[in-house]
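Notes to accompany the following structure.
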Amino acid sequence: MKDHIATLLRTAAKRLQNQQVLPTDLDTRGIKVELSRDKKHGDFAANNALVWAKAAQCPPLKLAQQLCAALPHSELIQSAHIAGPGFINFVCVIGADKHTIQSILTQADKYGHSEEYSDQRVLLESVSSNPTGPLHVGHGRLAAYGDSLANLLATQGYRVQREYYINDDGRQIDILTLSIWICYLKHIFPDVPSLPHAAYHGEYIRVYASMLYEQEAAQYGIDNIDDLYAGIPSDNEGEAADRHLDALIERAQQLLGVDNYTALSQWAVTKILHAIKDDLAVFGVRIDNWFSEKKITHSQEVRRILAKLSERDAIATRAGAQWFVATQYGDEKDRVLIRHNNKPTYFANDTAYHYNKLQRGFDSLINVWGADHHGYVARMRAALRALGFDAQRLKVQLVQLVALYRHGKKIAMSTRKGEFITLRQLIEEVGVDAARFFFVMRRIDQSTEFDLSLAIAQSKDNPVYYIQYAHARICSLYRQLEERSLVWDQQAGLNALAQLEQEEELALSRWLSEYPATLKNAAQQCEPAILVNYLKQLAGLFHSYYNAHSIIVNDSAVRNARLCLVSAVRTIIANGLRLIGVSAPQSM
RNA sequence: GCGCCUGUAGCUCAAUUGGAUAGAGCAACGGCCUUCUAAGCCGUAGGUUGUAGGUUCGAAUCCUACCUGGCGCACCA
């Protein structure tokens with residue numbers, strides 16, 4: 001319907017251009033027809049007279065009159081009139097948007113989808129939590145957002161691959177290995193000192209250590225616990241903690257030997273990764289490709305990147321380290337790629353990883369990161385630019401982390417200290433539906449405070465139920481129909497759509513017709529929250545309708561038509577919820 | 001100190017990306033179940049959109065300054 005009106009306006013504009021009222025070079029492609037917010041303003045509104053007034057050197061009201069006069073006749077439009085400062089408001093004939101309902105019924109779960117961007121391959125990287133501990137609530141938001149976004153993009157035709165980058169190499173993994181090993185040794189030597197400050201302290205460390213001891217009691221033992229701590233610098237706050245930890249890691253590698261140490265390390269990472277995969281599966285989050293950092297570190301990719309950057313004079317050697325001169329590419333500081341000890345930095349690996357992504361033939365990359373990584377965006381862009389890519393091909397979606405409160409007190413979410421609510425705990429407490437809905441119901445740049453105890457207490461009031469309830473109510477209507485031995489004649493209903501003339505029915509079908517534009521908008525803006533708001537509105541319109549009118553009435557034509565309408569509503573709710581990973585129950 | 005994000009009803013958030021009289025849900029108050037699911041609906045009350053300027057037909061939205069809160073500024077990841 002919007003397109004139809006836009007076409008009418010375009011024709012009118014062309015006529016005015018021929019009459020020299022509008023400049024001939026005026027761009028008439030960007031005509032925007034909006035659904036009126038207020039019924040007094042008709043069904044649809046266009047603001048072109050206001051937008052074009054300046055170019056036409058003509059007062060908006062006068063231009064609006066001329067546009068109106070030049071509009072071609074349409075049997076779908078009852079009237080077009082001018083209001084306010086120069087809006088053109090359109091009133092449609094009743095049933096003009098009946099093709100919406102028909103399309104929804106025939107296209108079902110494909111309704112509103114488009115193939116517009118089917119030539120675009122997108123790599124969407126999300127979560128990418130280090131395999132050093134279970135997923136927590138913050139990761140849950142990244143996962144829920146990333147998964148929903150991928151679904152949304154797919155509705156517009158994008159070929160999306162969902163990837164998880166596994167940081168399974170480097171110091172963090174060493175710390176994990178050491179933490180588990182020390183807890184493991186406690187089973188053998190009761191007097192093992194407590195874990196270093198800088199180690200991982202989560203409960204899961206002890207759990208895995210016990211598991212390891214049960215499975216491999218002898219494999220990772222040592223003769224004398226003093227061998228581990230002899231000559232190790234003491235454990236104090238600050239830098240001393242890191243020195244203490246690094247010395248212990250080195251000692252562990254000596255005592256265990258390379259093979260055993262590596263085996264232990266791999267055992268730990270594998271265990272944790274399995275847990276992460278399980279959590280995501282339970283959460284309904286799909287990952288197509290698990291990309292190991294080792295693919296980067298065990299190949300020559302970093303060296304290749306370095307060579308490429310050298311060719312472009314983007315490398316400088318300072319104080320024994322190799323720097324990427326990021327300042328020449330829009331970053332505020334230069335960045336170290338190769339440390340003085342000849343080890344590449346995380347940034348070096350990450351640059352190689354992003355280069356690898358683009359080499360795989362993706363047109364664009366989307367990274368879903370926690371907002372605390374925003375300082376990293378400029379340097380990643382700079383690196384891609386230096387490697388000769390258009391930095392616009394990398395889009396970084398920064399998701400505000402969830403600040404959790406319990407009983408009004410902020411919970412320190414520290415992976416290292418092991419103080420966090422895991423995603424698994426959250427799911428067990430509020431369920432997958434509520435959790436996924438909660439994570440995407442707000443725009444990602446909204447910082448949010450969330451009292452867990454409150455959310456658990458109010459779980460019955462979670463807004464997800466409002467939408468699901470609308471769906472369940474509609475399903476119930478069809479069960480009711482059966483009980484009354486009635487049959488829904490869809491074709492008869494479609495033929496009788498013009499009889500849907502109640503205010504609530506018109507509002508519903510108008511809102512249904514907005515679904516395709518909503519999907520497109522949500523995908524373009526990378527904001528699942530837009531879809532959520534749409535669904536809330538749709539559910540609200542339905543509940544109002546349901547309370548005001550009976551659907552199963554005696555008049556069979558009206559009944560069938562109403563059943564067509566609510567069936568369309570049901571389909572859209574189910575489709576929309578599916579895109580954000582929330583179920584649409586048949587009954588509640 | 002520098003940079004990024006944020007500020008809308010008592011609370012949590014919307015506002016079709018610059019449109020018409022800023023809207024929902026909680027919380028408060030008053031109504032609606034003998035009838036398709038009351039996890040619902042209808043109504044009342046609640047606002048100088050952080051502050052001050054600017055841009056234009058028109059600003060919560062864009063620009064500038066200041067204020068508030070969050071985050072980031074490693075040879076950590």
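Fair warning: this is a prediction, and the values are worked out from it, not measured in the lab. What you see below is based on every heavy atom in this structure, not just the backbone, and it leaves out hydrogens, waters and symmetry mates.
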Give a yes/no answer on whether the side chain of [X] brings an N or O atom under 4.0 Å of OP1 or OP2 in [N].
X	N	value
A:Ser36	B:rA20	no
A:Arg171	B:rA77	no
A:Tyr466	B:rC41	yes
A:Tyr346	B:rA77	no
A:Arg473	B:rA38	yes

Length of the line joining [X]:[atom1] and [N]:[atom2], which is rounded to integer Å:
X	N	atom1	atom2	result
A:Arg484	B:rU35	CZ	P	12 Å
A:Gln537	B:rA24	CD	P	9 Å
A:Glu527	B:rA14	CD	C1'	13 Å
A:Ile82	B:rA20	CD1	C1'	15 Å
A:Ile88	B:rG19	CD1	P	17 Å
A:Asn547	B:rG40	CG	P	10 Å
A:Tyr546	B:rU35	OH	C1'	10 Å
A:Asp334	B:rC75	CG	P	11 Å

Is [X] touching bases, backbone alone, or none of the nucleic acid, heavy atoms closer than 4.0 Å?
X	result
A:His543	sugar-phosphate
A:Ala529	nothing
A:Ala321	base
A:Ala45	base
A:His549	base
A:Ala517	nothing
A:Phe347	nothing

Which residue lies more 5' along RNA chain B, comparing A:Ile552 with A:Ala539 via nearest heavy atoms: A:Ile552
Worked check of salt bridge (Lys or Arg N to Asp or Glu O under 4.0 Å) between A:Arg559 and A:Asp555: CA-CA 6 Å; A:Arg559 183 178 67 236; A:Asp555 183 327; over 6 Å; no
Please work out whether B:rC13 sits syn or anti, treating a glycosidic angle within 90° of 0 as syn.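 Anti.
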For the side chain of A:His374 and the base of B:rC71, is some donor closer than 3.5 Å to an acceptor across the two?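 Yes, a donor-acceptor pair under 3.5 Å.
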Indicate, yes or no, whether a donor-acceptor pair under 3.5 Å links the base of B:rA20 to the side chain of A:Asn89.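 In this structure, the two groups form a donor-acceptor pair.
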Does the ring center of A:Phe90 lie less than 6.0 Å from the ring center of A:His81?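 For A:Phe90 and A:His81, the ring centres are not under 6.0 Å apart.
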Are A:Trp511 and A:Tyr534 an aromatic pair, judged by ring center distance below 6.0 Å?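 So the answer is yes for these two rings.
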